[in-house]
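Here the structure is a predicted model, which means the values were calculated and not measured. Each chain gets a letter, A, B and so on, in the order its sequence line appears, and its residues count up from 1.
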Protein chains: 2
Amino acid sequence: MKRIDIAVVDDHDLFREGIMLVLRQIPGYHILFDASDGELFLEKLRTQKPDIVLMDVNMPRMDGVSATAQALALCPDLKIIALTMFSDHLHYSQMIQAGVKGFMLKKGNKQELQQAISEVFKGGVYFSQDILQKVALRTFRKDDEQRMTARELEVLGLVCSGLSTPEIADKLFISVKTVEGHRTNIFQKTEVRNTAELIIWAIRNDYLTIE
Amino acid sequence: MKRIDIAVVDDHDLFREGIMLVLRQIPGYHILFDASDGELFLEKLRTQKPDIVLMDVNMPRMDGVSATAQALALCPDLKIIALTMFSDHLHYSQMIQAGVKGFMLKKGNKQELQQAISEVFKGGVYFSQDILQKVALRTFRKDDEQRMTARELEVLGLVCSGLSTPEIADKLFISVKTVEGHRTNIFQKTEVRNTAELIIWAIRNDYLTIE
DNA sequence: TATGAATCAGGGGGATTCCCCTATATCGTT
DNA sequence: AACGATATAGGGGAATCCCCCTGATTCATA
């Protein structure tokens with residue numbers, strides 16, 4: 001059986017060190033490298049090609065979504081598993097869109113992690129039960145209401161992390177007017193009147209998780 | 001040198017397993033037991049007495065604050081170190097009030113964890129730099145002004161239910177300018193910049209419950 | 001009695017939000 | 001080739017937000 005080379009990307013040192021020790025315990029698994037943010041990961045990826053990448057979603061400098069997208073642009077056959085604290089729809093859909101092959105929660109255990117890596121390594125996919133249930137519930141409940149586009153989800157995510165319209169425009173390299181346009185569409189689709197209601201809506205509908 | 005018996009309390013299986021492996025690597029450290037929430041921890045505490053407890057703050061069933069308070073009621077000399085994702089003031093002050101001897105963030109590394117355990121075991125205290133800076137800044141500025149007044153809490157509640165400033169003024173039969181004044185005070189006390197951040201703050205600090 | 005805290009109210013002003021409207025480029029589908 | 005959806009960008013304007021001030025009450029308490 002081939003050795004599985006794994007890369008771990010997470011900004012929390014303790015968690016990263018811990019999960020690397022967990023992985024080392026499993027026969028056949030090998031830690032190729034680790035990184036504390038997306039930029040460092042992309043840098044190391046230029047010289048080393050792991051079979052599996054465990055990618056945190058929320059990180060400073062460059063987050064998991066950008067890092068995943070850019071990594072897959074360089075190595076389209078890279079197998080990336082998202083690993084996050086939160087099971088909200090926003091994190092999920094953004095990472096799916098970025099191209100991850102799996103999605104599991106940090107509250108999962110060693111067995112689940114092993115299963116996820118095994119499935120994805122064999123060419124399959126893996127999504128934790130929590131995620132699947134939430135997504136299923138959501139699409140079942142409100143499919144008639146207009147689905148949001150990828151860009152709108154992105155803007156929604158930034159709004160929900162407390163950024164103002166100019167800040168979002170700056171981050172996405174687009175005009176303030178465009179962001180306003182996306183906001184207007186989001187408001188119409190969610191039937192809210194202001195930012196406060198939008199945040200509450202996002203939490204109620206599992207687009208945003210706060211702990 | 002005496003063996004240090006450690007208990008790890010955290011609801012995230014992967015993190016808990018990982019940190020236990022990290023601790024096992026350190027000579028002289030011994031994992032006495034672990035628990036996935038406060039209740040299970042208190043149960044195990046009845047038969048086993050660790051020297052050091054690493055306690056997560058946010059957990060299901062019974063959180064770290066209650067667990068810490070109850071544990072110290074049973075064993076007043078127990079040495080508990082809070083271990084959390086967030087450096088919010090509420091988390092900090094609640095855990096301090098509950099009686100923890102140390103407070104560190106999950107984004108810290110192995111060296112910091114070792115230092116924290118070492119200090120607290122020797123009878124001292126340990127607080128991470130991030131925490132100290134935040135607290136120092138705050139107490140330096142105005143100390144106890146962080147408590148919100150009744151009226152401010154009332155306004156906060158209305159903001160969090162999605163009302164605009166004029167709507168709140170209308171509802172409370174006061175001037176828009178007065179509501180703006182309350183908002184300004186709330187913003188300062190919570191250290192947020194806009195309504196979106198305020199709502200997230202309110203949820204995170206249990207001033208607002210959704211679902 | 002004096003001091004401070006809380007609540008109330010307002011002036012002013014710049015930034016942002018939120019609502020209309022139009023318009024172009026692209027991309028995939030029919 | 002035509003169409004619809006999406007993302008982009010902008011004009012204009014009213015409302016609101018967010019910040020800086022000042023000042024007047026009331027009320028508890030030191």
Side-chain angles (χ1 to χ4, degrees), chain A residues 65-66 69 73 90 93-94 96-99 139 143-202 207-208, chain B residues 138-139 141-202 207-208:
Chain A
V65 180
S66 308
L90 261 181
S93 59
Q94 286 184 5
I96 290 294
Q97 212 118 36
T139 49
D143 205 22
D144 40 64
E145 83 180 4
Q146 294 109 321
R147 282 194 356 268
M148 267 190 272
T149 69
R151 199 55 154 174
E152 283 163 3
L153 284 176
E154 200 172 3
V155 171
L156 173 60
L158 295 175
V159 171
C160 288
S161 62
L163 297 191
S164 68
T165 301
E167 285 170 339
I168 294 172
D170 208 50
K171 188 162 185 118
L172 298 181
F173 303 108
I174 57 180
S175 141
V176 169
K177 275 298 186 183
T178 304
V179 179
E180 285 182 352
H182 290 314
R183 284 183 69 120
T184 301
N185 292 334
I186 294 169
F187 277 32
Q188 282 175 353
K189 290 181 181 179
T190 58
E191 293 178 343
V192 301
R193 300 174 305 134
N194 54 46
T195 308
E197 284 188 357
L198 181 61
I199 306 264
I200 294 165
W201 179 92
Y207 278 88
L208 174 66
Chain B
R138 190 182 301 256
T139 49
R141 200 183 321 153
K142 262 174 193 171
D143 206 359
D144 211 4
E145 208 209 26
Q146 299 313 125
R147 279 200 351 271
M148 268 190 272
T149 69
R151 199 56 155 176
E152 284 164 2
L153 285 176
E154 200 173 0
V155 171
L156 173 61
L158 295 174
V159 170
C160 288
S161 62
L163 297 191
S164 68
T165 302
E167 285 170 340
I168 293 172
D170 207 49
K171 188 161 186 120
L172 297 181
F173 304 109
I174 57 179
S175 138
V176 170
K177 274 299 184 182
T178 305
V179 178
E180 284 182 350
H182 290 314
R183 284 183 67 120
T184 301
N185 291 334
I186 294 169
F187 276 34
Q188 282 175 354
K189 292 181 182 178
T190 58
E191 293 178 344
V192 301
R193 296 152 47 239
N194 54 45
T195 308
E197 284 188 358
L198 179 61
I199 295 191
I200 294 165
W201 179 93
Y207 278 89
L208 172 65

In whole angstrom, what separates [X]'s [atom1] from [N]'s [atom2]?
X      : N      : atom1 : atom2 : value
B/L163 : C/dC18 : CG    : C1'   : 17 Å
B/E167 : D/dT16 : CD    : P     : 8 Å
B/Q188 : C/dA6  : CD    : P     : 13 Å
A/N185 : C/dC20 : CG    : P     : 12 Å
B/K177 : D/dC19 : NZ    : P     : 13 Å
A/R193 : C/dT16 : CZ    : C1'   : 17 Å
B/I168 : D/dC17 : CD1   : C1'   : 12 Å
B/E197 : D/dC17 : CD    : P     : 16 Å

Within the structure, does a side-chain N or O atom of [X] lie under 4.0 Å from either OP1 or OP2 of [N]?
X      : N      : answer
A/R183 : C/dC18 : yes
B/S175 : C/dG10 : yes
A/T178 : D/dA9  : yes

Counting heavy atoms from C-beta on, name the nucleotide in [options] closest to the side chain of [X].
X      : options               : result
B/S164 : C/dT17, C/dC8, D/dT16 : D/dT16
A/T195 : D/dA9, D/dA7, C/dC18  : C/dC18
A/F187 : C/dC19, D/dA7, C/dT17 : C/dC19
A/E180 : D/dA7, D/dC18, C/dC18 : C/dC18

Nearest non-hydrogen partners of B/R151 and B/L172, listed with the distance: NH2-O, 3.8 Å

If you take all heavy atoms of B/I168 and B/V155, which pair is closest and at what distance? CD1-O, 4.3 Å

Pair B/T195-B/R183, side-chain donor/acceptor within less than 3.5 Å: yes

Exactly one of B/V159, B/L153, B/L156 clears side-chain contact (heavy atoms from CB on, under 4.5 Å) with B/I186, and that residue is B/L156

For B/H182, report the nucleic acid contact type (base, sugar-phosphate, nothing); a contact means any heavy atom under 4.0 Å. sugar-phosphate

By the 4.0 Å heavy-atom rule, please label A/T165 as base, sugar-phosphate, or nothing. sugar-phosphate

Side chain proximity check, A/V179 to A/K171, heavy atoms < 4.5 angstrom: no

